Amino acid sequence: MDHRKYMTILKLDEAAIASRRAFFSLSEDDLARLASLRPLAERITDAIVEEFYALLLSHPDTRKFFGDEATIRRVKRTQREYFIGLFSGRCDTAYVEDRLRVGAMHERIGLAPTWYLGAYRQYLQLIREHFDVEIKDPVAAREGFFSVQRIVFFDVALAIDTYIAANLEALGRHQAAIRELSTPVIRVHDRVLLLPLVGAVDSHRAQQIMESVLVHVVDAQARCIIIDIAGVPVVDTRVADHLLKTAAAVRLLGAQVVLTGITAQVARTMVQLGLDVSSMHTLSRLSEGIELALGMVGKSITTRPT
Amino acid sequence: MSAHGQIPILRIGPTLLVSIQIELRDAVAEAFQADVLSAIEERGTTGLVVDISGLEMVDTYVARILAETGRMAKLMGTRTVLVGMRPEVAATLIRMGYGMEGVRTELDLDAGLALFGHIIPQK
């Protein structure tokens with residue numbers, strides 16, 4: 001997924017960015033301090049990146065993300081840019097977009113938050129050590145480090161949000177796939193469709209079933225759609241009501257519903273509950289339903305003489 | 001402009017064919033009903049085919065006008081068939097509890113005309 005999409009999903013407009021910055025205590029002073037530390041950052045970037053990758057490459061679980069030497073050279077270069085970016089003195093929409101791109105990239109290669117967070121811990125420690133050596137005044141070193149810490153945590157939050165957004169997005173796609181699978185309309189013959197229903201039918205699914213059935217009937221110019229309910233565990237008043245509504249809507253289109261898969265148990269329940277399904281053709285076996293439906297389009301199944 | 005004649009009524013032998021392409025608002029709907037009934041009165045008519053494939057929205061008012069027109073035509077000896085309803089229209093009508101019982105429906109114009117003996121050869 002594109003990082004700009006994450007901007008939208010996470011609703012990262014200017015107000016949201018300002019609110020985040022306030023919560024992370026990332027002030028204009030911090031940004032100014034970071035900008036003033038930029039020459040120092042440029043001096044120590046090579047050393048920090050080398051030490052950082054020494055850790056990443058020494059651990060088997062992180063090592064596997066960096067294939068050959070060329071990849072390592074490339075990611076080190078990116079890392080240098082990232083490090084210098086912390087000292088840009090900016091924290092605007094462009095900065096956030098850039099950070100989301102990094103987060104999205106890590107999510108794409110499947111680097112779990114554990115390693116990501118662990119790597120940041122190491123990162124901060126390295127920066128602290130270098131600051132202590134390079135900045136003579138201990139108060140200034142501490143202040144500078146605090147500013148780095150604020151922007152790093154700001155970045156980490158963005159990365160974690162990207163992970164979560166990516167996973168939620170994947171979940172949404174899977175739900176859509178399941179929804180699609182829950183109404184598999186099959187073409188039995190010209191103008192004859194079949195919808196085998198499996199699993200419980202709640203109101204939400206019933207709505208989808210109706211919409212899907214109607215669209216398929218029109219698309220296929222179907223005369224008849226067979227709905228087989230053999231795989232529906234419980235057929236109660238509500239389910240029957242949904243089926244009747246679907247049948248009524250199908251009729252409005254000029255087609256018919258044949259309901260099959262009515263077991264003895266279901267037949268008994270329907271009568272005991274006083275459900276009137278006489279507006280649909282009902283049959284117990286799917287094969288009978290197919291024969292009836294074919295009859296409606298002027299076809300019939302015959303036995304070939306042997 | 002008068003609301004009459006806004007929806008053209010075509011005659012194929014003893015069958016009337018109406019295709020509704022514009023929104024049926026009050027005056028237009030009433031004029032449509034009157035036009036259809038006087039067309040039936042004018043000449044021997046046995047069938048009325050109403051094509052609503054052009055309608056993206058049908059509210060209960062329009063549904064009632066259509067169903068009523070069918071019942072009125074029936075009284076004059078003309079059978080009515082409604083053809084080409086869109087899926088979303090059907091779903092909405094059912095959701096509003098309006099199943100248009102008693103109105104004959106068919107998928108498309110071919111099927112509607114076939115009902116009155118106009119067989120269109122298929123490729």
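Numbers restart at 1 for each chain; the letters A, B, ... are given by sequence-line order, proteins then strands. Quick caveat, the model's predicted, so the values are computed rather than measured.
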Does the side chain of A:Tyr95 pick up a donor-acceptor pair with the side chain of A:Asp155 at under 3.5 Å?
yes
Please rank B:Ile94, B:Val89, B:Ile52 by heavy-atom pairs under 4.5 Å with chain A and give me the top one.
B:Ile94
Counting heavy-atom pairs under 4.5 Å with chain A, the top scorer among B:Glu101, B:Arg104, B:Arg95 is B:Arg95
Working to the nearest 0.5 angstrom, can you tell me the gap between A:Arg285 CZ and A:Ile290 CD1?
11.5 Å
Mind listing the closest non-hydrogen atom pair of B:Ser19 and B:Ile7 along with its distance?
O-CG2, 4.0 Å
Heavy-atom pair count under 4.5 Å with chain B, highest-scoring of A:Val217, A:Val250, A:Thr246, A:Val218
A:Val218
In plain terms, say whether A:Arg101 and A:Asp98 are close enough for a salt bridge, that is, a side-chain N and a carboxylate O under 4.0 Å apart.
yes
Counting heavy-atom pairs under 4.5 Å to chain A, which of B:Leu82, B:Val103, B:Val81 comes out on top?
B:Val103
Among A:Met210, A:Lys245, A:Arg251, A:Gln221, which has the most heavy-atom pairs under 4.5 Å with chain B?
A:Arg251
Side chain, backbone, both or neither: which part of B:Leu93 has a heavy atom under 4.5 Å from chain A?
side chain
Quick one: pull up CG in A:Leu214 and CE in B:Met85 and give me the separation to the nearest 0.5 Å.
10.0 Å
Could you tell me which portion of B:Arg86 (side chain, backbone, both or neither) has an atom closer than 4.5 angstrom to a non-hydrogen atom of chain A?
backbone
Under-4.0 Å salt bridge between A:Arg173 and A:Glu169
yes
